[in-house]
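Notes follow the structure.
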Number of protein chains: 2
Amino acid sequence: MSTTPKGEVKRAALVRATITLVNNSGFHAAPMARIAKLAGVSAGTIYRYFESKQDLINQVYLEVKSAFSVSAFRDYEETDSVEADFRKIWYNIADFKLREVEQALFLSQCDNTPMIDEASRQEGLRHLKPLLDLWERGQELGSIRPVSPYLLYAYTVYPVAFLLNMQERGYCELTPARVDAAYEMAWNSIKI
Amino acid sequence: MSTTPKGEVKRAALVRATITLVNNSGFHAAPMARIAKLAGVSAGTIYRYFESKQDLINQVYLEVKSAFSVSAFRDYEETDSVEADFRKIWYNIADFKLREVEQALFLSQCDNTPMIDEASRQEGLRHLKPLLDLWERGQELGSIRPVSPYLLYAYTVYPVAFLLNMQERGYCELTPARVDAAYEMAWNSIKI
DNA sequence: ACAAAATGAATGAACGTTCATTTTTTTATC
DNA sequence: GATAAAAAAATGAACGTTCATTCATTTTGT
């Protein structure tokens, strides 16, 4: 019945366990033995699916990044309104972060540590192409600031990661009103 | 001649070494022995200045956070222009991050990992009071969006940390023009 | 000569990884 | 189908390494 290949069940459990443990106490406090235990497999089994701990982390990162970008561009199709297109993608991203909190927290932790291979990071970045294309189009049409995409990212996507972290620490709940305000602020910072 | 008490020299060296090592490869790859070596002292000496590794990390964090806030409010005094006041603080922050790259990178790594005690984090936050006061004043005067300070922080200060990380990875140099653009984007996102 | 500071080898705990063994699944044969 | 042989997957104890921390000893400063 299920479409999940047999061997993939344990692999998926390991991925989930890694995300949970790294979120709760960081990379350095997620020993292989605990990951295995949480996933319900024995320590040695990890090495049937991953070459090493580094490989495990990299693969988890890429998998989560991929899920993120799939969500970011769900139901997205270019219209002739740059702002409408941007809004669609931005809310997709916000929805992902609010729905898949664990995955989003894991990503935000990865983005600021040297624990991810540069190669994996580069690969993760390629997924954002459609957003970069949209920004370029907006810049050609004169509706988006003519600045580096890194600046655009810093003021639209990156703040959401911060807000999610604050919510998880109990400081600032991300109510729908706050999410809407965040969108307005994002758009105001990049529009011309 | 120097105002530095004798014993503080090695302590300061240890703090610097910790920052450098944690920046280069993360918390988990900064063993006490290497910190000691880089600081030019022996491993045991660390424990004359710090109770444990956790204590070392916490103290370094607080010291850097303190240096950060001192810079943030250097030469700052309230005027009757909220925007001018904000601009002053924002550029102070940007200058600190550009001048004290190592310290800024260390902070951005601390802000997204669970490696800092919640207590230390709270104490680090208190330093930002003048900025929070300014925002409150701006909100009362109707020139700053009436939203949570976490939102204001997410769209003004936090993006700079991202940009610095990108610069350090060689993706996006923070030229003066880019810094000015970043300021404009920050202000546009929070002004009414 | 004394006290404070610094040393670095020693210690034990914890970690990532391996591998001889056991368990489970698949394949082959009737 | 049932059964046996073969292959694959899983196990967890054991290994070697690395780490934070300690402490008997030495060095430095007064």
| field | Positions of residues 40-48 of chain A (non-hydrogen atom under 4.0 Å from DNA chain D), listed by number | value | V41(A), S42(A), G44(A), T45(A), R48(A)
| task | Just grab all the salt bridge (Lys or Arg N to Asp or Glu O under 4.0 Å) pairs involving residues 120-139 of chain A, residues at least two apart or on different chains. | result | E78(A)-R137(A), D85(A)-R137(A), E118(A)-R121(A), K129(A)-D133(A)
| request: Please report, rounded to the nearest Å, how far the P atom of dA9(D) is from the OH atom of Y49(A). | output: 7 Å
| With sequence neighbours excluded, residues passing salt bridge (charged side-chain N to carboxylate O under 4.0 Å, His left out) with K65(A) | D111(A)
| remark: residues 8-33 of chain B vs ring pair (Phe, Tyr, Trp, His ring centres under 6.0 Å), sequence neighbours excluded, gives F27(A)-H28(B), H28(A)-F27(B)
| task | Can you tell me the distance, in whole Å, between the NZ atom of K10(B) and the C1' atom of dT7(C)? | result | 9 Å
| E8(A) CD - dA10(D) P separation (whole Å) | 11 Å
| request: Compare side-chain N and O positions of K53(B) against OP1 and OP2 of dT21(D) and report whether any pair is under 4.0 Å apart. | output: no
| said: If I compare all heavy atoms of S108(A) with all of N165(A), which pair ends up nearest, and what's the gap? | reply: OG-ND2, 3.1 Å
| note | Sorted by number, residues from residues 18-37 of chain A placing a heavy atom under 4.0 Å from DNA chain D are none
| request: Scan for salt bridge (Lys or Arg N to Asp or Glu O under 4.0 Å) pairs involving residues 176-192 of chain B, sequence neighbours excluded, and state none if there are none. | output: none
| message | List the residues meeting side-chain contact (heavy atoms from CB on, under 4.5 Å) with N24(A), not counting sequence neighbours, and say none if there are none. | response | T20(A)
| With A84(A) via side-chain contact (heavy atoms from CB on, under 4.5 Å) - residues at least two apart | T79(A), S81(A)
| note | Sorted by chain and number, sequence neighbours left out, salt bridge (charged side-chain N to carboxylate O under 4.0 Å, His left out) with E63(A) holds for R11(A)
